[in-house]
Amino acid sequence: MQKYIPANIEPKWQKKWKEEGLYLTNLSDTAKKYYVLVELPYTSGDLHMGHWFTFTMGDILARFKKRLGFNVLFPNGFDAFGLPAENAAIKHGIHPRDWTYQNMERMREQFETLGTSIDWTKTMVACDPKYYKWNQWIFLKMLEKGLAYQGKLLSNWCPVDQTVLANENVEDGKCWRCGAGVVQKEVIQWFFKITALADKLIWQDPPQADWPKHLREGQNNWIGKSEGMILDFDRIKVFTTRPQTSDGATFLVLAPEHPLVSKLTTKEQKNDVESYIKSVKSRSELERKESKEKTGEFSGSFVKNPVSGRQIPVWIADYVLMGYGTGAIMAVPYADERDKQFAEQFKLPIIKTSFKAKPSGQKQTQYHLHDWSISRQRYWGTPIPIIYCDKCGVVPVPEKDLPVELPYKVDYAPQGKPPLATAEDWVRVECPKCGGPAKREVETMDTFVDSAWYFFRYLDNENDEEIFDKKIVADWMPLEIYIGGPEHTLGHALYSRFFTMVFKSLGLIKFDEYAKKRIHHGTILGPGGLRMSKSRGNVVNPDKEVKSYGADAIRLYLMFLGPYDIVTPWKTEGVNGIYHFLQRVWGLQEKAGVDSLSLRDHEDMRMMHRTIKKVTEDLVELKFNTAIAALMEWLNHLSRKEQVSKEEYKTYLCLLAPFAPHITEELWQNVILRSASDEGSLTNVSSNELRDSSLIAQNDEFQSIHQQPWPQFNDKYLAEEKVKVVVQINGKVRDVLLIQKDIINHKEVIEKMAFNSPKSQKFLKGKLVKKSVYIPSKIISFVV
RNA sequence: GCUGGUGUGGCGGAAUGGUAUACGCGCUCGCCUUAAGAGCGAGUGGGCUAUGCCCGUAAGGGUUCGACUCCCUUCACCAGCACCA
């Protein structure tokens, strides 16, 4: 027997599977289909452990479902637009496109070494005009529907990356990419009106799709719907969710950015207010959030509280946000903690509220969610299909002129204006309306637009006429399962739901939710328990690990670590353990495949059927770790035997195949070929010749193990001949009886046996049995 | 502060009302070996007056013949959101 050397078998089978097109999906066969998706990777250059972890899960599911007879689609693409490409370009003097395509090439090869069953013919690349043309098309459609608009808003601005950031991309007041402190700046930009669908985006109870509770609650929280009222305090409108406390409003507070601030400020207060506003502006978001003290300044003006009739002062303070409600509040220090703190700090009156006030006002629903700002002042993204004409104003690019292609030659170094502005020939354009001289929009779309709908495009990725064929999408969507990271809860996972709803309103699809099930995967940390990062130097490189242990061992190791959502460090000893397991599987061929050996032994049959059942059920429930444990238990059983029958051996390989596709394929082909030559028909033929011979095509067993039907279990083998029944006395285990199957349902007999057993007698002697409970095949419980 | 989640051996974890610690790692002992490693076999929650018994799933209480599992209280940790009026 040859030694198990993964490097000798893994590339060989990867090549063969690819040549034979084993994983190509025929989309016209929709009788029993299964679409499994893993979040597409960003083209950063290398697959990291996280990719291995999530794509192994997806791959195991794809292989398992295929073996159950499903027509499985498991595609993948690349999130290829974005800032890192541009930053790398600036740093290394390589064009973002070249950098991206080089990375993509390397990543495709790495996906192959992982042994995934991805169908690469159904793919998409975000920076390909064939793809982003449809981003532009969606933009135009949304513009028509009033779901895209241009507006001027205070926005998060990253001074280092020189771009606007969505709320979701600001972490602790810092840019999620470069960590620079974000400042507020008023900018004209394009928005998607996600707030128009805020109500529809709220998750119901029970949920309309099987998505994690954590995600549903998180999104609902982020959407932040609250019902309240707009009340008028003279000219000032405030929003409140508790109008019944308005009799206790003893002052008003305006956000420093509120448009009425300058009007309301009196001459005497002018200097103080102006210096206060100046100090607010100079504080960063972070400082503002961290300081516990409240700050503010009196405007000098008073307004009338319409309920109490009192004149109350108007203050200006930054604990009131311009971006929520009306940017002004009535302060009820008696009922509100923050107002109370402010009142105490500035010695403002606190009066009791009746909680019964009924002010007149207008009902209003308010959301925390803001419209999605999609303009980015950078180069490497989808051009926004808009033309500015001096005569006609803002003119959308006509559909027939799509795609608006991103010019290759630009000066993408940041210089305070969008890089596309430097491509003067590209910018200069005829107005589609009047034919006069005009200029293109020089900003690009947020890359989250690319990933908001890519899974639709996989299904019809070559289509130049429409975004996708409605029928194919109707046949294949929604996704059966979408595997992704919890960090996308408020970004990608929300945007893609929004896009799906927009597609429905455009009549492209008929469903609201694009994935029946979503799961959040875990994280593999560095060996020391910290997040892997280059700067920490604790990155475990999958390529290196594959060289030492092979892809199968890494796949199994990752899946065996724990549940799919586990957050846990990488441990080399653990990989050793799995490698050892694979070597034992490899060694099994020594005593395996003995044809004459039939499965007479009941325990052998029981172990086999038990394992089939366990692995099958665990895969359905995505419990990869316990499925592997069951396979280990069966291997322990098989290892103790002198010989292993062909049926057991083949079943074993079949069950292990989704987890470890290479070693099982090799062993499968070996055992099939060996039995063929045992039959005498194929002597003096080498393995390779045999594989290519015509005989193989005639017999299904000669096909890849990944095309074999999934093993079936039969309940009749599951029962043990003698069943263990535990004897409990007053809740404590005192004895275990071995009971023949045929009397297991006779309560009186079992009760007598349990009562009379010497061990039980020790505890029962001279005591009165008050009650006995018998659960067949499990337990008999006495109360004395 | 709000929301969601978690708490089990030396470690990752298993068991979701019925023998707690499956499976793996680590460790101990033994076999094999010139030796080391690998491999194979046995053991591995704690305690004790040890053929047996007691304790034990963050802490305390409850329901039940029986609780890691269900209910109540408390504590700790993780994640997300957060001056949202």
Side-chain angles (χ1 to χ4, degrees), chain A residues 167 171-172 212-226 228-229 231 238-243 245 249 253 255 288-289 291-292 294-295 317-321 323-332 335-339 341-342 366-369 486-487 489-490 520 523 556-557 560-563 565-578 580-581 583-584 587 614 623 625-636 639-640 724-736 759 762 769-775 777-784:
Chain A
N167 280 354
E171 291 166 359
D172 288 333
K213 188 168 191 175
H214 172 255
L215 175 143
R216 291 186 274 117
E217 294 294 330
Q219 291 193 344
N220 284 359
N221 224 320
W222 185 251
I223 292 166
K225 181 178 183 173
S226 48
M229 253 184 173
L231 304 180
V238 304
F239 173 72
T240 178
T241 52
R242 292 196 289 172
T245 65
V253 187
R288 217 168 137 167
K289 276 176 181 163
S291 76
K292 283 180 188 131
K294 288 212 169 7
T295 61
D318 67 353
Y319 83 92
V320 173
L321 308 172
Y324 186 78
T326 59
I329 62 156
M330 61 169 197
V332 185
D336 185 283
E337 259 318 299
R338 296 152 302 176
D339 296 345
Q341 199 194 334
F342 191 82
Q366 197 63 46
Y367 300 91
H368 170 238
L369 184 73
E487 70 276 17
T489 296
L490 305 180
H520 282 164
T523 314
L556 273 166
Y557 167 71
F560 186 60
L561 273 172
D565 58 356
I566 193 174
V567 176
T568 194
W570 175 271
K571 278 194 174 172
T572 307
E573 310 88 61
V575 190
N576 268 321
I578 287 288
H580 175 213
F581 163 71
Q583 275 169 331
R584 288 176 65 210
K614 178 75 177 149
K623 290 157 79 173
N625 56 332
T626 49
I628 295 167
L631 284 163
M632 288 172 167
E633 282 181 68
W634 192 20
L635 180 68
N636 290 343
S639 303
R640 280 191 289 269
K724 283 178 190 165
V725 173
V726 172
V727 183
Q728 277 190 358
I729 297 163
N730 282 354
K732 289 196 167 157
V733 178
R734 296 303 182 187
D735 200 1
V736 179
K759 283 182 181 172
K762 262 175 65 179
V769 175
K770 277 196 239 167
K771 188 174 175 182
S772 74
V773 178
Y774 177 55
I775 311 290
S777 313
K778 284 193 172 156
I779 205 159
I780 177 141
S781 179
F782 294 111
V783 187
V784 297

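Every chain is numbered from 1, with letters handed out A, B, ... down the list of sequences.
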Next on the checklist: Measuring from the side chain of A/Ser781 (C-beta onward, heavy atoms only), which nucleotide among B/C65, B/A82, B/A15 has the closest atom?
Outcome noted: B/C65
Checklist entry - What does A/Lys762 touch in the nucleic acid at a heavy-atom separation under 4.0 angstrom: a base, only the sugar-phosphate, or nothing? => result sugar-phosphate
Checklist entry - To the side chain of A/Leu490, which of B/C81, B/G4, B/G18 is closest? => result B/C81
Checklist outcome for this item: Within residues 729-736 of chain A, those residues having any heavy atom closer than 4.0 Å to RNA chain B are A/Gly731, A/Lys732, A/Val733, A/Arg734
Next on the checklist: Going by the rule salt bridge (charged side-chain N to carboxylate O under 4.0 Å, His left out), which residues pair with A/Glu633 if we only count those two or more places apart in sequence or in a different chain?
Outcome noted: A/Arg610
Next on the checklist: Within the 4.0 Å limit for protein heavy atoms, which parts of nucleotides 21-33 of chain B are touched? Write it as a string from 5' to 3', B for base, S for sugar-phosphate only, - for none.
Outcome noted: -BBSS--------
Item to check | Polar side-chain contact A/Lys294-B/C83 base: donor and acceptor under 3.5 Å | outcome: yes
Item to check | By side chain to side chain donor-acceptor pair (under 3.5 Å) - contacts of A/His214 (at least two apart) | outcome: none
Next on the checklist: Considering every strand and a 4.0 Å limit on heavy-atom distances, what is the contact class for A/Lys623: base, sugar-phosphate, or nothing?
Outcome noted: sugar-phosphate
Checklist entry - Can you name the residues that form a ring-ring contact (aromatic ring centres under 6.0 Å, His included) with A/Tyr557, not counting sequence neighbours? => result A/Trp570
Checklist entry - Mind pulling the stems RNA chain B is in, i.e. runs of at least three Watson-Crick or G-U pairs, everything under 3.5 Å? => result B:1-7 with B:75-81, B:10-12 with B:23-25, B:26-31 with B:39-44, B:45-48 with B:52-55, B:58-62 with B:70-74
Item to check | Check: A/Glu217 side chain, B/G80 base, donor-acceptor under 3.5 Å | outcome: no
Checklist entry - What nucleotide, of B/G80, B/U19, B/C83, holds the atom closest to the side chain of A/Val726? => result B/U19
